[in-house]
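Okay, structure first, notes after.
Quick note: residue numbers are just sequence positions, from 1. Note that ligands are numbered from 1 as they come in the structure, with each ligand's atoms numbered from 1 the same way.
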Amino acid sequence: MEKLAIDGGRKAIAGTLPTFRDASGRSLGAEEIGQLTEVIQSGSLSFLSGTKTAEFERRFAEVYGAKIAVAVSSGTAALHAAVTYLNPEPGDEILVSPITDMGSVIPILAQLAVPVFVDVDPLTQNMDPAKIEASITPRTKAILVTHIYGNPADMDAIMAIADRHDLFVIEDCAQAHLATYKGRLCGTIGHLGCFSFQQSKHMTTGDGGMVIANEDHRFGRELRQCPDKGWPRTKGGRDHLFLAPNYHMTELQAAVGIAQLAKLRKMVDARRRSAFQLTAHLEGSKARPVKILPDTTGTFFFYTFRLDSAEIRVSTADFVKALVAEGIDCFLGYPGKVPLYRYPVIQDAATFGTSGFPYTLPGVNDSAGRRQPVCPQAERACTETVCIWWNECFTEVHIEQIATAVRKVFAAYAA
Ligand SMILES: *Cc1c(COP(=O)(O)O)cnc(C)c1O
């Protein structure tokens, strides 16, 4: 048996793999530079005087067949615009998965609504539709669905529940650009779709985000005003109709976004192709890929597989340390070793001064929101899931190296 790199043996991956962290793993080039040069030469870095933000929104809406697209400064900003649009009463509840980025939850708390965590399906790690209805109360206003790892959640089941209970549905597509569910693009099935263009996402503007919808007003609010200080700019003059932040995307981000969007299909296809290659290489091994629902296309934000503690003779954490030592860019558990509700912002209600809002607001059931979220499947997933940072620039050779490294560690640590 080959000596593991962690024990001083030779690394399975000799060089370094392409990474989203630098030019080795990002498709940034002449197109982005050309777009950026136009913006700099125009002298307009703001959407108010420039043209790139409007163009990026138009093109993004076209790709998605959406009526409206609103560019914003991050994925969190996109989701915050969505929750601002929903205009919940303080203490209203929004259902959310415990396995997602904290950027899905911050906007709920920022609007004084209560995130109520619904456990995940152990196979897909997306919100489990079978567990949603038990969490619905008269205060539930919306379901915020993340398509985790780029794998579509079970939208038919979720939309049926939402219809039955008159709930608004926000899709968090920050990891799921161009993912499809039964032939429909994720982000167009619920009422609003939210995207991130942060450095690690399928396409990037450094930071950035987008909200798409087939409606532009509801709940007494215009969607476009939600990341724009509640300002109805089309009517001329200055007015502020409701409390809303400024989350404008700059023309510089939009310029890069236009160029990146033109490459998005190619970049996503490359991720999918190499992920399927790895799955084929790992056939028969003990790596159990996280399930992707039939009749959907996942877009592999991460390549994820599950470890069965009974099949390895080290801890899952040590197993992942060995993978990293072999040269794989991976980690254990998403968003981390524990689900979101275990982070201090929620556990300690570290929110608004010492108030503990929204958890301490009158009529709020703190148990449902914070004290006793019982999501055993999410807890397990966080300690058993290997997340490999996936990349559009992986070649067949890279995939063979990754597969060799995974097999090597399984062989060394077999129970
Ligand atoms: C990245 C991400 C966000 C937040 O996006 P930012 O651009 O980092 O603010 C939200 N949800 C999910 C699922 C994400 O992956």
> Which of the atoms in ligand 1, numbered in the order shown and given with their element, are less than 4.0 Å from a heavy-atom of S196?
Replying inline: 5 (O), 6 (P), 7 (O)

>> Distance under 4.0 Å to a non-hydrogen atom of S74: what atoms of ligand 1 satisfy this?
In response: 7 (O), 9 (O)

>> One pair to check against side-chain hydrogen bond (donor to acceptor under 3.5 Å, both in side chains): E171 and H147. What are the steps and the verdict?
In response: CA-CA 8 Å; E171 288 181 78; H147 302 291; 2.8 Å; yes

>> Taking the ring centre of each residue, are Y149 and Y303 less than 6.0 Å apart?
In response: no

>> Can you tell me if K201 contacts ligand 1 (heavy atom of the residue under 4.0 Å from the ligand)?
In response: yes

> For the ring pair F352 and Y359, is the centre-to-centre distance below 6.0 Å?
Replying inline: no

> Where is the nearest protein heavy atom to atom 9 (O) of ligand 1: which residue, which atom, and how far?
Replying inline: T76 OG1, 2.5 Å

> N/O of F197 under 3.5 Å from N/O of ligand 1, yes or no?
Replying inline: no

>> Can you confirm if the aromatic rings of F60 and F197 lie within a centre distance of less than 6.0 Å?
In response: yes

> With atoms numbered from 1 as shown, which atoms in ligand 1 lie under 4.0 angstrom from a non-hydrogen atom of G75?
Replying inline: 5 (O), 6 (P), 7 (O), 9 (O)

> Looking at atom 3 (C) of ligand 1, what's its closest protein heavy atom, distance included?
Replying inline: D101 OD2, 3.5 Å

> Does F302 have its ring centroid less than 6.0 Å away from the ring centroid of F331?
Replying inline: yes

> Where does D172 meet ligand 1, judged by heavy-atom distances below 4.0 Å: at the side chain, the backbone, both, or neither?
Replying inline: side chain

>> Give the atom numbers and elements of ligand 1 that come within less than 4.0 Å of a heavy atom of T146.
In response: 13 (C)

> Taking the inter-plane angle between the rings of H202 and F301 on a 0 to 90° scale, is it parallel (under 30°), tilted (30 to 60°) or perpendicular (over 60°)?
Replying inline: tilted

> Between V120 and D128, what is the shortest heavy-atom contact and its length?
Replying inline: C-CB, 3.7 Å

>> List ligand 1 atoms under 4.0 Å from T100, heavy atoms only on the residue side.
In response: 13 (C)

> Which one of R265, R26, R272, R273 satisfies the salt bridge (Lys or Arg N to Asp or Glu O under 4.0 Å) criterion with E392?
Replying inline: R26

> Looking only at heavy atoms of S104, does any of them come nearer than 4.0 Å to an atom of ligand 1?
Replying inline: yes

